[in-house]
Structure formats: C-alpha cells, structure tokens
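Here is the structure we will look at, set down as structure tokens.
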Amino acid sequence: MSVIESFEGLSFGKTQTLREIAASISGEYILLYTGKHHLEMGMFACERIIGIAEDMAADMLYADHYRIVNDAEGKPVRKKHPLIDCQKGALRNDFDFGTVLVFRSSSFRKAVDAMTEDYEYAALYDLRLRMDKIVHINEYLYTDVETDNRKSGEKQFDYVDPRNRAVQIEMEKVCTEHLKRIGGYLKPEFKEPESCGITGEFPVTATVVIPVFNRIRTVGDAVASALSQECGFPFNVIVVDNHSTDGTTELLSKIASQDERMIHVIPDRNDLGIGGCWNLAVHHEKCGEYAVQLDSDDVYSGPDTLQKVVDAFREQKCAMVVGTYQMTDFQMNPIPPGIIDHREWTEDNGRNNALRINGLGAPRAFWTPLLRTINLPNTSYGEDYALGLRICREYRIGRIYDVLYCCRRWEGNSDAALDVERVNANNLYKDRIRTWELEARIRMNNEK
C-alpha cells in the first residue's frame with residue numbers, strides 16, 4: 001500500500017512552508033489538512049483516495065465531505081458538503097477544495113521546485129494551478145468543522161475587502177503567471193470602439209436599465225434615483241418588469257404615466273432571466289447609446305452618476321465602464337466592507353485578473369452598439385460577468401473610482417442566504433464562463 005504523509009496546522013500559503021514539506025516527504029502521497037479543528041477521516045478513506053489516484057494517475061485529489069455545523073438552536077449537526085469539479089477556468093483563488101488535499105509527492109516536488117517567488121499567502125494557490133490532473137472524488141470521505149458560519153451574502157465580498165489587499169496582490173501575480181504559462185495572458189492592447197465599424201442612431205445619449213421582478217419595496221427608490229439624474233444630455237430609463245405579481249407592475253405603470261422618460265416594458269415572453277431582460281431593453285428602439293445598470297434594490301449615490309459614466313466613456317475610449325459602490329443597509333447606512341472600488345482592476349492587467357475574481361464591480365455600463373452584437377446570456381446569475389469578460393477580451397473597460405452607487409443589503413437580496421447546492425451551481429456556472437473565455441483567449445493568441 002502506498003504511504004500518505006499528513007501535514008496540518010501549517011501556513012500553507014507560505015512558499016517556504018511548501019519547500020520544507022517537499023524536502024521532508026518520503027511517501028508516495030501527501031495529505032494537507034487546511035482546517036483548524038478536528039479532522040475525522042471516513043472508514044478506509046485514505047485507501048480510497050490512493051486507489052483513485054492510482055487509477056486516474058492524478059496529481060491532486062479532493063473530496064466531498066461532511067461538516068459539523070450549528071443548527072438554529074446552536075446544536076452541532078453533521079451535514080453533507082458537496083463540492084464541484086475543478087475545470088480549466090476554475091481560476092478563483094477561493095475555489096472550495098474542502099480542507100483535505102492529497103497530492104502525488106512527485107508532482108508536489110516538481111511544482112514546488114518550479115516556484116521562484118516567495119509568497120506569504122498565495123503559495124497553495126500557486127501549487128494547485130501547477131497541477132496537471134486534479135480529480136474531484138464525489139464521495140463523502142471525511143468530516144470537518146465549519147469555521148465560517150456567515151450567510152452567503154456576507155461572504156461574497158471578502159475578495160474586495162480592502163483589508164485583504166495584500167493577499168489579493170499576491171493572488172493576482174500567481175494567476176497572471178499561470179495565464180502566461182498556458183497561453184491565456186493578454187497584453188494591454190485594446191481596440192477602440194469607434195474603429196470597430198459598428199454604428200447606430202439613438203434617441204437619447206444614455207439609458208438606465210432596471211430589470212425587476214417583485215420588488216415593490218425597493219423599485220420605486222431605484223427609479224426615482226435614475227430619474228433624478230442631472231445631465232448635459234438627454235436620457236431615459238427602461239424598466240423591464242418581468243411579470244411581477246406583488247404590485248410592482250402597478251407602481252411602475254403609475255410612474256411611467258407621470259414621466260415620459262420612464263419606459264415600462266413587460267416582456268411578451270415568460271422565459272427571460274435578468275440577462276434576457278437586459279437584451280430586451282438594449283434592443284428597444286428607445287435605448288440610448290450607452291446602457292447603464294441599476295439594480296431594482298439599489299440607488300445611485302447622487303444626481304451626477306450618469307454624467308460621470310458618459311464622460312468616462314468619452315474620455316477613456318472604452319466599450320464598458322465600471323464604477324465604485326458603497327455597501328449599505330436598507331436604511332442607507334454604510335456597512336462593512338464599506339467602499340468597493342475594485343482596485344485590482346488595472347489598465348495593464350485588469351483583463352487578466354478578471355479571470356480570477358468573481359465579479360467586475362458596479363455600476364456597470366455598456367456601449368450599446370457593441371452590446372447589441374454580443375448580447376447577454378439569458379441567465380439570472382453571472383450574465384454581467386460573462387459580458388464583461390467577453391468585452392475586455394478586445395476592448396478597454398473604463399474605471400471610475402468615485403462612489404456612484406449604493407448597494408443595499410437586506411433580506412430580500414437574491415444572494416442573501418443561499419444553500420450549498422445553489423452556491424455550487426452559481427460557482428460552477430461562473431467557472432464554466434471562465435473556461436469558455438480562457439479557451440477563446442488561448443485560441444486568439446495562437447492565431448496571432
């Protein structure tokens with residue numbers, strides 16, 4: 001039987017730690033436990049992992065498992081924690097591999113020997129990106145303890161928390177070097193929208209697009225925020241009401257009857273997600289040259305947001321603009337992590353780093369002629385991210401670091417408290433988006 005050597009309680013994010021492990025191992029496989037509490041391996045779990053490793057000639061393996069979590073009464077219970085497959089585009093540094101990682105020792109040594117940077121946080125991320133064959137065992141092979149009991153809506157902004165900036169810088173460097181190794185890196189060379197040969201005539205300069213379904217509590221604030229914009233150009237607001245049933249439709253009809261700038265659209269079809277609602281608005285005859293996002297939960301931070309966005313398009317010669325937003329509660333009081341400015345988006349490397357992070361920020365705005373040729377996926381999750389990746393493959397994404405948008409967190413947010421199956425489905429889809437985009441970029445580079 002092959003031997004597994006176990007290592008736990010170490011700082012696996014440090015390159016020096018991995019070097020010390022590589023120098024000390026003598027077994028054929030090594031197990032890294034990244035958790036902080038008691039680990040209970042299942043019956044014959046290690047033998048099962050080794051057997052699959054041998055059958056698959058795997059370099060790295062990870063498995064579904066059980067987690068001890070507290071129920072509503074605070075009592076510990078054992079729950080299943082399934083994981084997802086690691087595909088080519090699974091470039092997120094927070095990909096959930098669980099707390100038990102098993103490596104073939106020869107692959108581990110080879111990867112560590114190739115590392116030239118001394119990282120404090122990103123060594124394990126660097127290590128797994130260097131693994132050629134990663135196998136997900138969809139069997140529940142161990143039990144650990146949940147250490148982060150926050151809801152999904154509270155976890156999702158960790159990667160842009162300013163307190164994690166040093167970590168993010170290292171992670172970006174690791175991902176960028178990986179993209180260079182596999183041929184997916186893009187140099188900071190961009191097409192300009194005016195040179196792409198796409199034109200169009202538009203009734204207004206800008207349109208605020210608000211997709212909505214059953215947001216009677218918030219959509220009135222969103223529409224009022226959009227209509228209160230003060231601009232040196234004509235604009236309007238297109239609200240795509242996806243067959244609401246809670247009074248939203250009646251409220252929007254009333255607002256539209258009082259202000260001709262507000263266009264209330266109810267789709268003829270019943271199969272539209274958020275992306276489909278956006279496509280309907282963008283192809284509407286009254287859509288402006290620039291389409292600017294506003295979620296039905298949220299509001300612009302001031303009356304000058306739309307002007308700043310259009311100015312950014314014209315000054316930065318870009319096909320998409322991403323602003324900065326402030327996290328608030330429902331009463332508009334600031335809450336942690338505060339201002340989200342996505343400083344990781346840089347002119348020289350933002351389009352590469354976009355394959356690592358899980359979102360591009362808000363508010364987002366698009367040059368309508370190009371958007372009409374690309375369109376958004378007809379989904380209600382990840383549609384804006386897919387579009388941003390596709391645009392930045394060729395075009396510059398402009399940035400505004402002033403706070404333009406208040407992102408209100410409340411119990412009605414669609415991502416406030418998702419179960420593990422829904423989180424997995426969302427992450428699997430975004431990883432697939434990244435896979436498609438990565439393959440396209442590699443092919444584009446090969447054709448140059």
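- Judged purely by distance below 3.5 Å, without hydrogens or angles, the side chains of T176 and N352 never pair a donor atom with an acceptor atom.
- Counted within 6.0 Å of CZ on R269, heavy atoms from surrounding residues, nucleotides or ligands total 12 or fewer; the atom is thus considered open.
- E289 and T368 share no donor-acceptor pair across their side chains, judged by distance under 3.5 Å alone.
- Between R434 and N358, the side chains place a donor N or O and an acceptor N or O closer than 3.5 Å (distance only, hydrogens not considered).
- With no hydrogens or angles considered, no side-chain donor-acceptor pair links D126 and Y119 at under 3.5 Å.
- A side-chain N or O of D295 and one of Q293 form a donor-acceptor pair less than 3.5 Å apart.
- Residues F233 and F235 place their aromatic rings such that the two centres sit no closer than 6.0 Å.
- A ring-ring contact (aromatic ring centres under 6.0 Å, His included) check over residues 170-203, counting only residues at least two apart or in different chains, returns nothing.
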Worksheet item: Run the ring pair (Phe, Tyr, Trp, His ring centres under 6.0 Å) check on Y142 and H65 step by step: do they pass?
Response: CA-CA 5 Å; Y142 63 93; H65 50 280; 4.5 Å; yes

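- Side-chain N/O atoms of D118 and T15 include no donor and acceptor closer than 3.5 Å.
- Looking at Y29 and E54, their side chains do bring a donor and an acceptor atom within 3.5 Å of each other.
- Looking at E117 and K173, a side-chain N of the basic residue comes within less than 4.0 Å of a carboxylate O on the acidic one, giving a salt bridge.
- At a cut-off of 3.5 Å, with distance as the only test, no side-chain donor of D64 or H81 sits close to an acceptor on the other residue.
- Side chains of M60 and V135 form no contact here, defined as non-hydrogen atoms less than 4.5 Å apart.
- A side-chain donor-acceptor contact under 3.5 Å links R356 and N353.
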